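Every heavy atom of this structure was used, including side-chain atoms; hydrogens, water molecules and symmetry mates were not. As the structure is a prediction and not an experimental result, all values here were calculated from the model.
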Amino acid sequence: MRALIILFSLALSISTFAQNDRYTAAMEKAVGELQAAEQTRDFSAPANTFERITAAAPEGEWLPAYYQSYCHIMQAVGAMQQGKPDQITAFLEKAQSALDKAKEISPENPEILALQGYIYTGHIWADPMGNGPMYSPQSVAAYQTAIEAGPDHPRAYHLMGMHLFYMPAMYGGGPARALPYLEKAAERFESYEPASPMHPAWGSYFNKQLLEQATAKLEKEEK
């Protein structure tokens, strides 16, 4: 009987290691797809890949659902740039559904909390006048919560800075309000080390662009 228990435990361990190896390989490939999509701006393929991984991921793994949500947010960005508000909302609903799964696994995770704020910001793109009064405070609150949960993480500062940069000054936004967050994000992008090659590492390039734009606008206003 003791031998059977040992054999069963050994078989279970081998199966778990094999599952984890398959998961890691699938995630590394999917992250590669996502990096390619950052150049082509076509996020449909990695969104579908991360959705499949989410369905089969080992218990406790939040990254696939997180990345699936991120891909849908990027699709919403594309729809915003093309002036298609209905598509923005549809993509953000998919993003929220995926992020809710990640939240169930890691509810206090600063990366997930920051992405929640990004979704709220996205709803403003669909209808700035109609959605702004409701979603802007929710965005700011989500970013602040993410910063408190992970003060060394750069993406919450970056997203708060982006949100404030594009918010009209009459509503409390503008480059002066955004600059401190963009600067803090830049500092943290320099020093932050992701836990693994699969963990989030996006945002640095766009933060640098926004920081340069905010600085230039403020210098112009001073002249």
Side-chain angles (χ1 to χ4, degrees), residues 9 12-38 43-77 89-123 135 138-160 162-163 185 188-189 192-204:
S9 299
L12 184 61
S13 298
I14 293 172
S15 175
T16 301
F17 284 134
Q19 183 185 27
N20 289 338
D21 286 345
R22 290 194 299 270
Y23 166 75
T24 300
M27 281 295 295
E28 289 176 348
K29 182 178 179 181
V31 169
E33 286 184 21
L34 176 57
Q35 291 170 345
E38 297 282 6
F43 291 89
S44 55
N48 292 334
T49 300
F50 284 118
E51 183 177 12
R52 290 193 295 270
I53 297 174
T54 297
E59 185 177 353
E61 295 291 345
W62 58 273
L63 282 169
Y66 169 91
Y67 279 124
Q68 181 189 348
S69 181
Y70 174 77
C71 287
H72 290 313
I73 294 172
M74 291 300 98
Q75 289 176 309
V77 170
T89 300
F91 284 130
L92 291 176
E93 287 175 352
K94 291 181 178 180
Q96 187 66 67
S97 178
L99 194 65
D100 286 344
K101 296 175 183 177
K103 280 183 181 179
E104 290 178 3
I105 298 169
S106 187
E108 304 300 323
N109 189 310
E111 299 285 7
I112 294 172
L113 295 170
L115 210 61
Q116 179 63 74
Y118 206 174
I119 292 174
Y120 291 147
T121 294
H123 282 292
Y135 283 107
Q138 292 185 55
S139 299
V140 170
Y143 297 141
Q144 288 175 336
T145 301
I147 288 170
E148 291 170 3
D152 295 329
H153 288 242
R155 271 160 291 281
Y157 292 96
H158 162 61
L159 291 171
M160 176 75 94
M162 179 192 71
H163 181 82
R188 284 156 178 78
F189 276 122
Y192 184 74
E193 290 289 339
S196 79
M198 296 187 298
H199 280 71
W202 57 271
S204 176

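- A 4.5 Å side-chain heavy-atom check between Q138 and H123 finds every atom pair outside the cut-off.
- Legend: residues meeting ring-ring contact (aromatic ring centres under 6.0 Å, His included) with H72, ordered by chain and number and at least two apart, are absent.
- Without hydrogens or angle criteria, T121 side chain to G117 main chain gives a donor-acceptor distance under 3.5 Å.
- By the ring-ring contact (aromatic ring centres under 6.0 Å, His included) test, Y118 pairs with no residue at all, sequence neighbours left out.
- Atom CD of E59 and atom CD of E61 lie 10.0 Å apart (nearest 0.5 Å).
- Residues P200 and L63 share a closest heavy-atom pair of CD-CD2, 3.8 Å.
- Within a 6.0 Å sphere centred on CD of E108, heavy atoms belonging to other residues, nucleotides or ligands number 12 at most.
- For residues 194-204, the pairs satisfying side chain to side chain donor-acceptor pair (under 3.5 Å) are Y66-W202, S196-H199, with sequence neighbours left out.
- Side-chain contact between L34 and F50 is present, with heavy atoms from C-beta onward closer than 4.5 Å.
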Could you go through the side-chain contact (heavy atoms from CB on, under 4.5 Å) check for E28 and T24 one step at a time?
-> CA-CA 6 Å; E28 289 176 348; T24 300; 3.6 Å; yes
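- Between the CH2 atom of W62 and the CG atom of N109 there is a distance of 4.5 Å, given to the nearest 0.5 Å.
- Residues P194 and A201 approach most closely at CG-CB, 4.2 Å, considering heavy atoms.
- Side-chain atoms of Y157 come within 3.5 Å of backbone atoms of P151 as a donor-acceptor pair (strictly under, hydrogens ignored).
- Smallest separation of non-hydrogen atoms from Q68 and E51: OE1-CA, 3.5 Å.
- Between the CD1 atom in I119 and the CG atom in D100 there is a gap of 7.5 Å [rounded to 0.5 Å].
- Of all non-hydrogen atoms in A47 and Q75, the two that sit nearest each other are CB-OE1, 4.4 Å.
- Closest approach of Y192 and P154 over heavy atoms only: CG-CD, 3.7 Å.
- Side-chain contact between L159 and S139 is absent, with no heavy atoms from C-beta onward closer than 4.5 Å.
- Looking at heavy atoms from C-beta onward, T89 lies in side-chain contact with E93 at the 4.5 angstrom threshold.
- Put simply, OH on Y120 and CG on L115 are 11.5 Å apart, with the number rounded to the nearest 0.5 Å.
- Formation of a donor-acceptor pair under 3.5 Å by the Y67 side chain with backbone atoms of M198 is found in this model.
- To the nearest 0.5 angstrom, C71 atom SG is 12.0 Å from K94 atom NZ.
- Judged purely by atom type and a 3.5 angstrom limit, T54 uses its side chain to pair as donor or acceptor with the backbone of A65.
- Heavy-atom minimum distance, G60 versus I105: O-CG2, 3.3 Å.
- A donor-acceptor pair is defined here as one N or O able to donate and one able to accept, closer than 3.5 Å; such a pair exists between the side chain of T145 and the backbone of A141.
- Note: L99 CG to E104 CD = 10.5 Å, rounded to the nearest 0.5 Å.
- Looking at heavy atoms from C-beta onward, R155 lies in side-chain contact with F189 at the 4.5 angstrom threshold.
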